[in-house]
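Written below as structure tokens is the structure these notes are about.
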Amino acid sequence: MKNVMIAKHPATGETIDQWLETGENHIPEMYEKASAAFQYWSTRSLETRLTFIKKIKQHLLDNMDEIVDEICAATGKVKTEALTADLMPVIDIIAHYEKRAPRILERNKVSTPILFLGKSSYVDYFPLGTVLVISPWNYPFQLSMTPVISALIAGNSVIVKPSEVTPTIGLLIEKIAREVNLPKNVLQVAHGGKELGQALVSGTPDGIFFTGSVETGRNIGIEASKSFIPYTLELGGKDPMIVFEDAHMIRAVNGAVWGAFTNAGQVCMSIERVYVQHAIHGEFIDRLVEETKKLKLGEDIGSLTFPHQKEIIKNHVKDALEKGALLLTGKDPDQWGESMYLEPMILTNVTEDMKIVKEETFGPVLPVISFSTEEEAIEKANSTEFGLNASVWTKDAKKANRVTSKLVTGSAVINDVLVSVANPHLPFGGVKNSGIGRYHGDEGLFTFTRQMSVMKDAGIKKREINWYPYEKKYSRIRTLIKAYFSNSKQRVELMRSSIKQLRKK
């Protein structure tokens, strides 16, 4: 029997909508439909597929306010953040692939070794089949639609399971697919929770794209590996911000405030640790506190989206306070009450043994830690199981490049925060426990394709120079190799002579 899904506004508790979840018994049928749709969709030209994707972009532009309102109702975030960080990136990635996809997916001609002179070599790209996309609740529209769009452009059919925490986003995606008349079953939405997600992973996808927690991502990787299903995992972060004494102080403070508290800190790339050089540590904190106190709940900072996340944040803050940290802004966790709005918190006197430094908090909390030397900052920044993003702040370009090159992270930003993920030209993904694989950029389409390497011969010659018989060929091939890889002025003549001799046989 199907369960009823009830969507409520996270801040007010008001019921938004309710409908039946997808039963696990429907999964085989969904995959069958997706397989049939793939046979149709994958044989359409790229130009045809892009026509539908452009219709999606136009629909988003024409219905921007309504979509923003739906995102806000599902997540509790403020409208500006829903627009700039959840909706706009989808429009941006479509515009990017409109121009780039034909070049990314076209046949890629490559060189051929001298021993195989006369042959041509190239790489072709083909869709995987049916791709399963499982998306999270913090940016539910962007983190669903970006991989969905990429997979569709590459020629795949898609089953997407949005988070059960923000379930109305699934209804929104279905509505968009209907509005643009996307071919039947090319995109299907599965509505449900973790059990449904597990059942979908255990089904018959040809590729999996998951964004979410490390624990769930690890389980998906294990399950997918049993059947050698390719998968991409975009997981958590504990992103460091390193501020050197020569940084632009006001800009760095403003960057830290936004980077830590945007979307109420519910960003995998949130600034969760700020390392400030000792000489400016005191002034930095004073300015940080001043700017943070200017923020307004409901206008600058939205509500938390997931009640369970509030408990994790509370646990981290209480652990830090019990171990000696000082809370400079915001309320003590014992005073939070039932509200899903949390005042942004700044913590000092923070030590490396605290959960607030080691584990992903995913909330509006910013621990500030001092450092003395460049080497110390690098060591502290890298002392985590995560490696998603980092930022380095200094007016010294050489220092910025030097420090950035020593950070173990998938992305880095110099004198700014978070923005690398918003550039559709750049691949995005993490290292260590922050994930496997990349999307965005050219890799964003390659992720959803299988590559075929091809070498082609006209088929006219009777035999190749490396075929039987081997009589007298060793010395001639040896001469050819030396000629080809030498810097001799006689290289061309030696090569021509060697090839001519080899072909006599």
Side-chain angles (χ1 to χ4, degrees), residues 24 27 128 130-140 142-144 146-148 150-151 158-166 190 192-240 266-270 272-273 305-306 308-309 311-313 315-316 355-363 382-390 407-411 421 427-440 443-444 446-448:
E24 292 183 27
I27 291 177
L128 295 172
T130 296
V131 171
L132 172 63
V133 174
I134 302 178
S135 56
W137 49 262
N138 59 326
Y139 289 97
Q142 181 213 148
L143 297 179
S144 295
T146 297
V148 164
S150 304
V158 179
I159 296 174
V160 57
K161 194 205 83 65
S163 172
E164 67 276 17
V165 178
T166 51
K194 292 181 179 179
E195 294 77 13
L196 179 65
Q198 292 169 355
L200 285 164
V201 169
S202 300
T204 55
D206 299 296
I208 300 173
F209 189 100
F210 170 79
T211 306
S213 70
V214 175
E215 180 183 1
T216 303
R218 183 178 289 113
N219 291 335
I220 286 174
I222 291 171
E223 185 65 27
S225 297
K226 293 177 182 178
S227 301
F228 298 101
I229 297 170
Y231 58 89
T232 301
L233 306 176
E234 298 294 338
L235 310 177
K238 193 70 183 175
D239 295 356
Q266 301 166 119
V267 189
C268 57
M269 301 173 70
S270 287
E272 293 216 359
R273 298 173 291 154
T305 302
F306 188 24
H308 175 68
Q309 195 62 39
E311 296 304 311
I312 295 174
I313 299 166
N315 178 269
H316 285 194
K355 293 180 180 179
I356 205 78
V357 177
K358 296 189 298 182
E359 301 176 17
E360 186 177 33
T361 305
F362 221 64
N382 286 334
S383 64
T384 173
E385 65 183 23
F386 298 102
L388 190 57
N389 194 38
L407 298 177
V408 184
T409 180
S411 301
V421 70
F428 177 76
V431 296
K432 297 194 283 188
N433 279 6
S434 287
I436 295 174
R438 296 291 183 271
Y439 72 133
H440 298 182
E443 284 81 354
F446 294 149
T447 292
F448 298 103

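A quick note: this is a predicted structure, and the numbers were derived from the prediction, not measured.
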Side chain proximity check, Thr447 to Ser150, heavy atoms < 4.5 angstrom: no
Residues in ring pair (Phe, Tyr, Trp, His ring centres under 6.0 Å) contact with Phe448, at least two apart in sequence or another chain: Phe209
Sequence-distant partners of His316, side chain to side chain donor-acceptor pair (under 3.5 Å), two or more places apart: Glu359, Thr361
Min side-chain heavy-atom separation Ile134-Thr216 under 4.5 Å: no
Any side-chain heavy-atom pair of Leu235 and Asn433 under 4.5 Å: no
Nearest heavy-atom neighbours spanning Gly192 and Lys161: O-NZ, 3.0 Å
Residues which pass side chain to side chain donor-acceptor pair (under 3.5 Å) with Thr204, listed by chain and number, not counting sequence neighbours: none
Residue pair Glu164 / Lys194, side-chain heavy-atom distance below 4.5 Å: yes
Rounded distance [0.5 Å steps], CD in Gln266 versus OG1 in Thr305: 4.0 Å
Any Phe446 side-chain heavy atom under 4.5 Å of Arg438 side chain: no
Ala190 to Leu200 - nearest heavy-atom pair and separation: CB-CD1, 3.8 Å
Distance, nearest 0.5 Å, that separates OG of Ser135 from CD of Gln142: 11.0 Å
Qualifying residues under side chain to side chain donor-acceptor pair (under 3.5 Å), relative to Asn315, sequence neighbours excluded: Lys355
Pairing residues for Pro136 by the side chain to side chain contact (heavy atoms under 4.5 Å, CB included) criterion, not counting sequence neighbours: Asn138, Leu143, Thr211
Closest non-hydrogen atom pair, Cys268 against Phe362: N-CE1, 3.5 Å
Test side chain to side chain contact (heavy atoms under 4.5 Å, CB included) applied to Asn389 - qualifying residues, sequence neighbours left out: Asp239, Met269, Ser411, Val413, Ser420
Derivation and outcome, side chain to side chain contact (heavy atoms under 4.5 Å, CB included), residues Glu272 and Phe386: CA-CA 11 Å; Glu272 293 216 359; Phe386 298 102; over 6 Å; no
Exercise: identify the closest heavy-atom pair between Pro162 and Val160: CD-O, 3.5 Å
Donor-acceptor pair, side chain of Glu360 and main chain of Lys238, under 3.5 angstrom: no
Side chain to side chain donor-acceptor pair (under 3.5 Å) partners of Ser163, counting only residues at least two apart: none
Side chain to side chain contact (heavy atoms under 4.5 Å, CB included) against Lys432, all qualifying residues, sequence neighbours excluded: Thr384, Val408
Where Pro147 and Val133 come nearest, the two heavy atoms and their spacing: CG-CG1, 3.8 Å
Atom pair CD1/CZ of Ile220 and Phe210 - distance to nearest 0.5 Å: 4.5 Å
Inter-residue atom distance Phe306.CZ - Ile312.CD1, 0.5 Å rounding: 8.0 Å
Under the side chain to side chain contact (heavy atoms under 4.5 Å, CB included) test, residues paired with Asp206 that sit two or more places apart: Leu128, Thr130
Under the salt bridge (charged side-chain N to carboxylate O under 4.0 Å, His left out) test, residues paired with Glu443 that sit two or more places apart: none
Taking every non-hydrogen atom, the tightest pair across Ala199 and Glu24: CB-OE1, 3.8 Å
Can you list, pair by pair, the side-chain donor-acceptor contacts under 3.5 Å of residues 223-232, counting residues two or more places apart and other chains?
| residue | atom | partner | partner atom | Å |
| --- | --- | --- | --- | --- |
| Glu223 | OE1 | Lys226 | NZ | 3.3 |
| Ser225 | OG | Gly221 | O | 2.7 |

